[in-house]
Enquirer: 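Below are the structure tokens for one structure; questions will follow.
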Protein chains: 2
Amino acid sequence: MPADLDALPPGLAAAWGVVDVGGRRGPKPAHSVDEIVAVALELADEEGIAAASLPKVAARIGVTANALYRYVSSKEELVVLLADRAWGDPPKLPDTDWRAAAELWAHTLFDHFLSRPWLLDVPATVPLTPHNAAWLDALITVLRPTGLPGPEMLNCAYLLDSHARYGAGLRRNMPTPASLRRTNPDHQRATDAVRTFLNSQLRTRNLNAVADVVQDPMFLADEPSLDGFDFGLARILDGIEAHIRKRSA
Amino acid sequence: MPADLDALPPGLAAAWGVVDVGGRRGPKPAHSVDEIVAVALELADEEGIAAASLPKVAARIGVTANALYRYVSSKEELVVLLADRAWGDPPKLPDTDWRAAAELWAHTLFDHFLSRPWLLDVPATVPLTPHNAAWLDALITVLRPTGLPGPEMLNCAYLLDSHARYGAGLRRNMPTPASLRRTNPDHQRATDAVRTFLNSQLRTRNLNAVADVVQDPMFLADEPSLDGFDFGLARILDGIEAHIRKRSA
DNA sequence: TTGGTACTGTGCAAGCCATGAACACTTCAT
DNA sequence: ATGAAGTGTTCATGGCTTGCACAGTACCAA
């Protein structure tokens with residue numbers, strides 16, 4: 001039963017490679033969806049998601065922007081395809097220890113988001129695209145032996161995904177002094193400015209609990225969000241482990 | 001010591017109300033930053049973040065888009081101000097039981113994101129704005145009696161924030177059949193289409209673990225992500241609680 | 001009182017962007 | 001070979017952010 005493709009959100013069918021190849025009439029396409037998405041990925045990796053605009057992609061291919069609409073029905077669809085390709089393949093996970101596997105999965109995802117920060121900017125409107133689904137499949141496969149029911153495994157996956165995503169976002173938006181020094185030494189000034197500014201503002205507004213925490217030398221320290229990531233990940237895994245033990249008891 | 005405001009990310013100083021009021025010369029401003037942000041908030045609530053564009057805000061105020069630049073230095077700054085106002089005030093939390101308080105905090109935040117879905121779309125480039133900081137302060141205040149060190153409290157806050165954010169995002173992007181029925185009965189067709197399409201695609205690609213889970217009647221059931229939210233929240237709080245107990249032992 | 005000056009909102013404009021319509025051209029099916 | 005289908009082009013529209021020059025307004029100082 002071929003589901004009605006028109007009812008699907010834009011890009012879903014395309015992402016799964018479901019194309020309605022009409023008769024092979026007319027001139028052969030000089031390009032392909034794959035090429036277009038690959039070029040868009042290049043641009044996004046180089047200059048962020050905003051650089052993956054239709055004109056820029058078209059220019060790099062050597063074609064006008066409108067020509068792309070022969071391959072892709074909208075910008076939104078292109079973004080969906082782009083995001084899916086950017087997910088890439090999930091890591092191979094050990095199938096003996098679910099906890100070690102989940103930890104590896106989350107860490108790999110975290111690193112992945114760090115190396116493709118713009119991936120955090122794409123609005124996740126479409127639920128499951130192939131690579132996306134492959135990541136999820138890898139995780140759920142190792143979670144299965146725990147005996148958790150399906151929806152709970154799904155929720156665990158959400159937990160880990162959201163943690164990786166959020167941690168990477170923090171790292172990106174609040175760069176470490178180390179990364180700042182590497183890129184632009186003047187950004188050191190920005191970091192200092194932010195810290196002293198926030199401290200004074202927080203104090204005068206009596207937000208002392210936050211001010212104390214922000215004042216802590218760990219805040220804005222080197223690699224803080226990796227520490228934070230590991231801390232949170234450990235809590236999450238502890239929570240899941242306790243739940244599993246409780247269930248099997 | 002007045003920190004150098006120029007080094008701050010755009011909108012930070014403005015968000016904290018630090019304005020360099022020059023001499024009160026020239027015509028009195030017919031409008032105010034506050035009014036502009038309020039109008040932008042109206043528009044965002046009505047039609048999403050994209051509707052809060054300078055031309056639209058200006059039109060509603062009765063002014064040209066360029067006039068807004070007398071009050072706001074860039075679109076980005078407007079967005080920061082808008083987001084901060086949209087955060088609103090944090091809930092009052094009971095100061096007796098940290099776990100109950102944290103749970104309430106997370107639930108309130110989750111509901112908040114649901115009622116202002118576009119808040120999930122604003123790129124969080126600026127770390128702490130006043131309302132934002134107030135929320136964080138409320139949570140950290142109740143976390144303090146646990147004896148956790150500052151950075152760990154911060155990490156716990158991140159954990160809860162990210163969970164609320166992600167859960168709300170899921171709910172928004174994958175609406176429940178109930179909400180679909182309420183809005184557009186034809187969307188029921190879309191939901192069915194997505195489910196059957198995904199199922200067939202996942203099977204043919206041997207992503208059976210995911211397919212099984214997606215096939216589960218709980219998936220796409222009424223209010224699924226609220227259940228998912230509570231499940232994940234319980235795991236997180238369990239993990240934090242275990243950590244606290246371990247530390248104090 | 002008067003002149004200067006700083007600040008306001010406006011018009012005009014440039015330069016992005018996504019997207020639509022008309023059109024010429026190419027290839028295949030009949 | 002002729003027509004239909006498909007491809008890439010040009011032209012066009014309307015949206016967006018943002019810069020610059022300008023006219024007007026209100027305050028300050030003389």
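Every chain is numbered from 1, with letters handed out A, B, ... down the list of sequences.
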Enquirer: If I take atom CG from residue A:Asp89 and atom NE2 from residue A:His131, how far apart are they, to the nearest 0.5 angstrom?
Expert: 5.0 Å

Enquirer: Take B:Asp45 and B:Trp118 through the test side chain to side chain donor-acceptor pair (under 3.5 Å) and record every step on the way to the result.
Expert: CA-CA 8 Å; B:Asp45 278 339; B:Trp118 54 266; 2.9 Å; yes

Enquirer: Rounding to a whole Å, what distance do you find between B:Tyr69:OH and D:dC20:C1'?
Expert: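 Distance check: B:Tyr69 OH to D:dC20 C1' gives 14 Å.
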
Enquirer: Mind calculating the distance between CD (A:Glu76) and P (C:dC17) to the nearest angstrom?
Expert: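 Rounded to whole Å, this separation is 18 Å.
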
Enquirer: State which residue, out of B:Phe229, B:Phe113, B:Tyr158, B:Phe110, fulfils the ring-ring contact (aromatic ring centres under 6.0 Å, His included) condition with B:His163.
Expert: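 So the option named by the test is B:Phe229.
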
Enquirer: Got a salt bridge between B:Arg85 and B:Asp34, using NZ or NE/NH1/NH2 to carboxylate O under 4.0 Å?
Expert: yes

Enquirer: Rounded to the nearest angstrom, tell me the gap between atom CG in A:Leu54 and atom P in C:dA18.
Expert: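 One finds 4 Å between P of C:dA18 and CG of A:Leu54, rounded.
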
Enquirer: Side chain of B:Ser74: nearest nucleotide among D:dT18, C:dT10, D:dG8?
Expert: D:dT18

Enquirer: Send over the distance from A:Lys56 NZ to C:dG15 P, rounded to a whole Å.
Expert: 15 Å

Enquirer: Counting the atoms with a prime plus P, OP1 and OP2 as sugar-phosphate, which does A:Ser53 contact under 4.0 Å by heavy atoms, base, sugar-phosphate, or nothing?
Expert: sugar-phosphate

Enquirer: Can we say A:Arg60 and A:Glu46 salt-bridge, meaning some charged N sits less than 4.0 Å from an Asp/Glu carboxylate O?
Expert: yes

Enquirer: How does each nucleotide of nucleotides 21-30 of chain C score, in 5' to 3' order, for protein heavy atoms under 4.0 Å: base (B), sugar-phosphate only (S), or none (-)?
Expert: B----BBBS-

Enquirer: A:His31 has a side chain; which of C:dA18, C:dG11, D:dG8 sits nearest to it?
Expert: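 Nearest to the side-chain atoms of A:His31, counting from C-beta on, is D:dG8.
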
Enquirer: What is the distance, to the nearest angstrom, from the CD atom on A:Glu77 to the P atom on C:dA18?
Expert: 14 Å

Enquirer: By nearest atom, which of the nucleotides D:dC16, D:dG8, C:dG11 is closest to the A:Ala30 side chain?
Expert: D:dG8

Enquirer: So, B:Asp121 and B:Arg116, do they make that salt bridge, N to O below 4.0 Å?
Expert: no

